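Note that this is a predicted model, so its numbers are computed, not measured. In what follows, chains carry the letters A, B, and so on, assigned in the order in which the sequence lines appear, proteins first and then strands, with residues in each chain numbered from 1.
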Amino acid sequence: MTDTDDNLTDGIGYADAMSELTRILATLETADVDVDLLADNVARASELIELCRKRIVAAEMNVEKIVDSVESES
Amino acid sequence: MIEGTLSVSELGTIISTALDMAMPDGVWVQGEISGLKRHKNGHVYFDLVERSDEAGARPVATISVVLWRGVKDRVNRLLTTHGDAIRMDNGVAVRIHGSVDYWSGGGRLQFQMKQIDPTYTLGKMVVDRDVLIAKLTAEKVLRLNSLVPIPDVPLRVALVTSLGSAAHADVLKVLAGSGLAFEVLEIHSAVQGEGAHLEIASAIATAADTNADVILVTRGGGSKTDLMAFDHEVVARAIIASALPVITGIGHEVDHSVADEVAHTACPTPTAAAGFVVEIVSAWLERLDRLETAILTAATRAGDIATGKLNDLATRISLTQTQAIRAARYRLDSIEARVNALDPVAAMRRGWSITRTADGTIIRSVDQVAVGAGVVTRVADGSLTSTITIIEQHEDRQ
């Protein structure tokens with residue numbers, strides 16, 4: 001099972017999302033962040049965080065039966 | 001040699017007598033319980049079988065066993081002296097004592113059980129478990145499943161358990177109560193009794209073929225014999241072969257099966273196994289929260305720095321402009337001073353005048369006029385009209 005099967009809505013995996021957010025943070029923490037890129041980075045970070053939360057947090061659990069009951073044991 | 005022809009009952013008597021003479025004090029026999037039935041009259045019936053080494057093959061020998069109700073209580077007391085660790089059930093290996101009787105009325109040979117040796121069952125379980133673990137260790141596969149990584153956010157859970165059991169309910173309760181978007185793929189399996197080990201192994205293989213992130217194998221508490229399916233080699237090998245990480249939650253906290261040994265992670269109970277998966281997802285969400293906070297803090301700080309830089313720049317621009325304006329003013333003042341210096345009116349104020357002929361031509365030389373000519377002299381505050389009376393020429397200045 002790789003993160004390519006673990007996709008968020010836009011095809012990015014959870015691990016990739018975390019990596020990108022970490023990179024954005026590193027960029028924002030540099031002394032000379034380009035002001036034009038500042039807004040773009042924050043917007044992208046917000047988008048990723050919203051995407052992750054939407055996928056992970058839910059009011060209901062989904063249950064599917066793959067194998068139901070079989071013949072009862074003796 | 002028996003002479004003559006016997007009736008059926010006479011033959012039956014000979015058989016019974018021969019058995020009594022061969023085993024006057026009864027006999028201990030070991031085998032595996034199969035086809036156990038607890039009759040409503042209190043008697044217990046089962047077959048004691050001897051299995052071959054070949055998995056799934058027919059037993060090499062079988063004998064019918066009866067545990068009469070009157071003897072059952074004594075046997076149960078023996079079993080409880082070992083803390084209810086043993087429960088007579090299909091698949092359990094036992095050593096029992098009794099007599100072999102032939103009932104001529106039905107023409108049936110039957111072993112009448114009178115005692116049980118609990119230490120045999122427990123000891124055999126321990127020995128079998130140790131042998132299997134040593135075998136898997138020698139093959140270097142004992143901890144293979146622990147090398148399969150658990151995804152960062154394992155939301156798809158394949159659940160192998162007896163559907164409808166307390167363990168099933170416990171797991172669903174924990175996952176549903178987490179507020180996380182779990183998808184549970186339920187795969188039913190018997191978790192005790194004859195053949196349970198084969199069902200469990202098959203269910204694990206089925207689970208490993210799904211798109212799940214992890215497999216949970218769970219069953220609630222019970223006696224050691226209730227849990228023995230999880231000590232079986234086929235179950236261990238199914239876990240070892242799984243491409244997905246297997247999380248076990250089998251029995252009570254003190255129980256530890258071979259399945260627990262080979263699984264990626266062994267949790268003490270079904271509830272703990274579900275909680276383990278919830279914790280992984282929750283921890284990832286917390287990491288996301290911390291990252292979000294750090295990003296906002298860094299962005300705010302970066303914004304403040306950028307604003308500060310802009311303010312600095314604005315200040316520098318302002319200073320530069322002021323200096324430029326001052327320099328420009330200075331130059332302007334200089335030019336004005338020079339212009340003023342060249343202004344004829346200013347010269348006139350200092351005593352200089354301009355004289356013109358009658359036709360307005362500026363007189364620069366005495367040669368331009370004659371005695372008697374009229375001239376107009378401009379001074380600072382007006383003009384004078386006069387007539388030339390005397391002309392005197394001076395030497396030229398160089």
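Ranked by heavy-atom pairs shorter than 4.5 Å toward chain A, the options B/A203, B/G195, B/A299 are led by B/A299. For the set B/K37, B/R301, B/R287, the entry with the most heavy-atom pairs within less than 4.5 Å of chain A is B/R287. Between chain A and the options B/L159, B/V148, B/L288, heavy-atom pairs under 4.5 Å are most frequent for B/L288.
Contacts of B/L172 with chain A are made by both backbone and side-chain atoms, with heavy-atom separations under 4.5 Å. Within the 4.5 angstrom heavy-atom criterion, only side-chain atoms of B/L285, from C-beta onward, approach chain A. Contact annotation for B/L180: both backbone and side-chain heavy atoms come within less than 4.5 Å of a heavy atom of chain A. Residue A/V57 touches chain B through both its backbone and its side chain, counting heavy-atom pairs closer than 4.5 Å. A/T22 touches chain B through backbone and side chain together, each having a heavy atom under 4.5 Å away. The parts of A/L21 that come within reach of chain B are both its backbone and its side chain, each placing non-hydrogen atoms under 4.5 angstrom from that chain.
In terms of heavy-atom proximity, B/A298 sits nearest to A/E29 at CB-CG, 3.9 Å. Contact between A/I66 and B/T206 at its shortest, heavy atoms only, is CG2-CG2, 4.0 Å. Minimum heavy-atom separation, A/M61 to B/F182: CG-O, 3.3 Å.
Atom CG in B/L291 sits 8.5 Å away from atom CD1 in A/I24 (nearest 0.5 Å). Note that the CG atom of A/N62 and the CG atom of B/L175 stand 12.0 Å from one another [nearest 0.5 Å]. Atoms OG and CG, from A/S46 and B/L296 in turn, are 6.5 Å apart once rounded to the nearest 0.5 Å. From B/I295, atom CD1 reaches atom CD1 of A/I49 across 5.0 Å, with rounding to the nearest 0.5 Å. Separation of atoms CG (B/L155) and OH (A/Y14) is listed at 5.0 Å; rounding is to 0.5 Å.
Considering only residues two or more places apart in sequence or on other chains, A/N41 meets the side-chain hydrogen bond (donor to acceptor under 3.5 Å, both in side chains) condition with none of them. Residues passing the salt bridge (charged side-chain N to carboxylate O under 4.0 Å, His left out) test with A/E20, sequence neighbours excluded: A/R44.
In this structure the side chain of B/L163 reaches within 4.5 angstrom of the side chain of A/K65, judged on heavy atoms.
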